[in-house]
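A short worksheet on the structure shown next.
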Amino acid sequence: MSIDLQQDYFALFGLPRRYRLDEAALEAVWHKLQAEVHPDRHAHLPDADKRRAMQWATRVNEGFRTLRKPLPRAQYLLELAGVDTGLETNTAMSPEFLMEQMEWREAVEEARVAAQVEELEQLHHRLQQHAREVLAELETTLDQARDYPAAADTVRRLMFIEKLQHEIDDALEALES
Amino acid sequence: MALLQIAEPGLSAEPHKHRLAVGIDLGTTNSLVATVRNGIAVCLADESGRTMLPSAVRYLADGGIVVGSTALQAQALDPRNTVVSVKRFMGRGLKDVAHIEAVPYDFEDAPGMVRLRTVQGPKTPVEVSAEILRPLRLRAEASLGGELTGAVITVPAYFDDAQRQATKDAATLAGINVLRLLNEPTAAAVAYGLDNAAEGVYAVYDLGGGTFDLSILKLSRGVFEVLSTNGDAALGGDDFDHRLFCWMLDKACISPPDAADARRLQMKAREVKELLTSCEQAPVKVKLSSGEEVDLVITREDFAEMTRHLVQKTLAPVRKALRDAGLTVEDIKGVVMVGGATRMPHIQRAVAEYFRQEPLTNLDPDKVVALGAAMQANVLAGNRADEDDWLLLDVIPLSLGLETMGGLVERVVPRNSTLPIARAQEFTTFKDGQTAMAFHVVQGERELVSDCRSLARFELRGIPPMVAGAARIRVTFQVDADGLLSVSAREMSSGVEASVLVKPSYGLSDDEIAGMLRAGVEHAGDDMQARALREQQVEAGRVVEATEQALAKDGQLLNEQERAEIEAAIARLRALAQGQDHRAIKAGIDALARATDEFAARRMDNSIRAALAGQKVDEIEV
């Protein structure tokens with residue numbers, strides 16, 4: 001009878017289990033759930049209620065974080081489908097992709113060493129564009145074709161891109177301070 | 001209190017009891033206490049009508065302690081025993097304190113946090129802060145006419161775990177039940193947002209006496225969501241004073257001044273800074289201990305020029321916060337200015353230029369934090385009215401991680417994660433037969449452990465001997481709504497459970513805090529037993545009331561037997577609360593908590609179900 005703390009995040013948020021998602025609806029449910037479970041709402045209650053509130057609020061935040069952004073959402077869908085997206089177990093990326101990655105990486109490194117803030121920002125922007133194109137593939141592979149191995153491959157490519165974006169962020173931050 | 005209280009079934013005995021709760025802004029320069037009275041947040045004044053208590057504490061040779069403006073006046077007279085700006089030392093080691101050479105204290109380095117040698121012996125910043133909080137608590141109790149249910153204490157958003165924990169300990173030491181640690185810019189946003197019915201994305205620029213915070217918040221339909229926060233926990237109005245101080249030394253050719261002169265010049269620096277807010281130029285006249293006189297004049301422009309780098313220094317966190325939120329200045333609807341230091345005209349100019357709009361200065365930058373904290377305290381204490389239906393979603397300001405091979409940091413909780421949050425990471429053994437593993441918890445954004453703040457070290461023992469790489473050790477970080485971390489570790493693969501719970505600390509053990517608490521209570525001439533009894537009675541009353549309200553609202557979730565058990569536990573606690581044994585009352589409170597555990601679970605499920613009701617999958621599927 002009790003709601004399962006372990007139920008999947010789509011069920012927790014009352015949303016269909018798929019990649020395409022209405023972000024505004026997700027956020028509205030997030031606020032609605034937090035309005036019930038947030039520790040601030042239970043601060044005047046006994047410790048048992050406070051503990052439970054923290055567990056629930058933590059779970060709800062984790063669910064929101066997982067579903068909001070496309071990459072973690074895709075990873076989560078694949079995890080629910082039992083498909084491993086780990087890089088450790090699947091390193092067989094296409095040579096074209098790896099070549100492309102190396103080119104990006106060299107460009108970032110050059111800009112970093114030369115302290116070219118604008119160039120780094122440009123690269124960040126172009127990567128963002130590129131990521132958006134790759135993400136668009138996911139809606140087809142995950143929601144329509146349900147081709148999980150292909151989706152897992154796309155997810156791994158996106159993980160590379162994201163990592164590169166983080167490196168640019170770090171480089172920009174280091175240059176600023 | 002009558003032994004038998006008769007109330008209609010399903011009705012709480014005291015349905016509209018107002019609980020006394022306050023918000024306290026524990027500032028570097030000044031501290032304030034505020035409360036919500038008849039629905040309006042107000043700062044409470046002392047007997048002479050002043051709301052701001054200078055955050056200054058003087059330890060006297062006869063054992064007396066003076067706090068506030070009287071202490072402030074003694075600064076030049078007794079610099080070593082008069083502590084100001086103690087917030088700068090909270091949760092800090094000697095090496096973390098900036099301009100240590102300009103501070104006239106006799107420091108003693110202790111693991112994690114400095115101590116100050118005074119005529120009354122070494123004092124931790126926690127103890128000094130507690131001395132500031134105590135008169136604020138007494139002021140509130142006198143003004144509200146009763147014991148406080150609790151207080152919301154504000155902290156700079158960019159405070160790390162050690163600084164937050166130190167603040168919470170100071171409140172405990174001052175006999176205050178902490179309802180929540182609230183970030184200062186968030187408190188200001190609540191006060192501003194509720195007063196102005198603001199909607200949209202706002203930046204809060206909060207330059208206090210010793211700390212700088214920049215938070216970006218999204219305000220929508222009663223939800224205050226912090227998108228990102230950044231800052232500098234060692235940059236504030238004090239640094240502007242310090243620049244003026246150095247300028248004076250330089251202009252008047254004073255080689256290192258003695259402690260009393262240093263104080264005089266620093267006080268003059270603050271005065272001049274404040275004068276330059278309204279005047280184009282200010283005289284600088286100080287009489288030194290030698291009888292010599294410093295006689296200078298400074299213009300507003302000179303001052304702006306010599307502190308320009310400090311203003312620039314605040315803009316780096318602004319850029320980072322915007323980037324973390326994925327926003328640009330065009331997205332910001334308004335900039336709320338907080339902290340007395342934002343009165344400086346050249347700061348307002350710089351902020352206006354950066355954000356391309358005039359900052360919002362229609363609220364008192366000294367009071368807005370305390371007022372927002374009071375509003376939140378009122379709600380947390382359970383005095384929620386219908387119009388108080390707002391929700392704060394705050395974030396952790398700095399990433400948390402663990403030390404890995406080669407002194408590198410593995411990030412476990414990224415900064416700007418919404419609280420509360422839990423994150424787990426798995427590790428494994430690297431030697432055959434390894435039975436213990438050491439962990440080092442750090443906070444900060446840098447890659448190297450040595451550049452981050454060390455929070456705690458602990459060891460997981462009792463791992464069953466296995467070949468290298470076979471053990472699975474799961475380390476879980478839980479950060480609560482106060483932004484405080486607890487870490488646990490557990491070996492998963494063997495079924496043998498070994499777990500450990502660490503509370504990061506800065507060198508003060510729970511025993512030490514208990515000892516200080518005793519000493520403090522004795523000092524205040526308070527009776528420890530009587531206070532403990534009162535506290536437990538208040539707590540018992542609170543728990544009984546909360547449980548009865550829950551029964552009235554959701555009693556249908558229980559069967560008759562379950563309900564009878566809870567009612568019996570309530571009756572037992574009521575009877576115990578009439579007695580004089582505070583430990584027995586505590587045991588009664590714990591027993592009631594156990595009896596209501598399952599009920600609490602069902603109520604939570606029920607409220608979640610209600611929140612999602614009508615929220616059918618196909619409705620959302622557009």
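Note: B/Leu419 leads B/Leu179, B/Thr149, B/Leu419 in heavy-atom pairs under 4.5 Å with chain A. Most heavy-atom pairs under 4.5 Å with chain A, from the set B/Glu539, B/Arg423, B/Arg221, B/Arg594: that is B/Arg423. Taking A/Ala53, A/Pro39, A/Ala35 one by one and counting their heavy-atom pairs under 4.5 Å with chain B, the maximum is reached by A/Pro39. Between chain A and the options B/Arg602, B/Glu225, B/Glu445, B/Glu447, heavy-atom pairs under 4.5 Å are most frequent for B/Glu225. Of the listed residues B/Val479, B/Thr596, B/Leu592, B/Thr418, the one with more heavy-atom pairs under 4.5 angstrom with chain A than any other is B/Thr418. Among the candidates A/Phe10, A/Phe64, A/Trp30, the residue making the largest number of heavy-atom pairs closer than 4.5 Å to chain B is A/Trp30.
B/Phe599 carries B/Arg603 over the face of its six-membered ring, with the cationic atom under 6.0 Å from the centre and within 45° of the normal.
Of the two parts of B/Ser417, neither the backbone nor the side chain holds a non-hydrogen atom closer than 4.5 Å to a non-hydrogen atom of chain A. Interface residue A/Asn61: only side-chain heavy atoms are found under 4.5 Å from chain B. For A/Glu62, the part lying near chain B is the side chain, with the backbone staying farther off; criterion is any non-hydrogen pair under 4.5 Å. Contact of A/Gln128 with chain B is not made at all, since no heavy-atom distance falls under 4.5 Å. Only the side chain of A/Arg65 comes within contact range of chain B, with at least one heavy atom under 4.5 Å from a heavy atom of that chain. Interface remark: B/Ala381 contributes backbone atoms only to the contact with chain A (heavy atom separation under 4.5 Å). Residue contact with chain B, scored on non-hydrogen atoms closer than 4.5 Å, involves the backbone and the side chain of A/Arg41 alike. No part of A/Ala28 comes within reach of chain B, as not one of its non-hydrogen atoms sits under 4.5 angstrom from that chain. A/His38 touches chain B through its side chain: at least one heavy atom from C-beta onward sits under 4.5 Å away, while N, CA, C and O do not.
Looking only at atom types and distance, the side chain of A/Trp56 has no donor-acceptor partner in the side chain of A/Glu36 under 3.5 Å away. Between A/Glu139 and A/Gln144, the side chains place no donor N or O within less than 3.5 Å of an acceptor N or O (distance only, hydrogens not considered).
Taking a cutoff of 4.0 Å between a charged side-chain nitrogen and a carboxylate oxygen, A/Glu167 and A/Lys163 qualify as a salt bridge. Ion pair A/Glu109/A/Arg112 flagged as a salt bridge, since at least one NZ, NE, NH1 or NH2 atom sits closer than 4.0 Å to an Asp/Glu carboxylate oxygen. The residues B/Asp590 and B/Lys586 are annotated as salt-bridged, a charged nitrogen and a carboxylate oxygen being separated by less than 4.0 angstrom.
When atom types are taken as modelled, the side chain of B/Asp480 and the backbone of A/Met54 share no donor-acceptor pair closer than 3.5 angstrom. Using modelled atom types, no side-chain atom of B/Thr186 and backbone atom of B/Leu182 make a donor-acceptor pair closer than 3.5 Å.
Using a 4.5 Å cut-off on side-chain heavy atoms (C-beta onward), B/Asp482 and B/Arg180 make contact.
Of all the heavy atoms in B/Ile570 and B/Leu551, the pair that sits closest is CD1-CD1, 3.9 Å.
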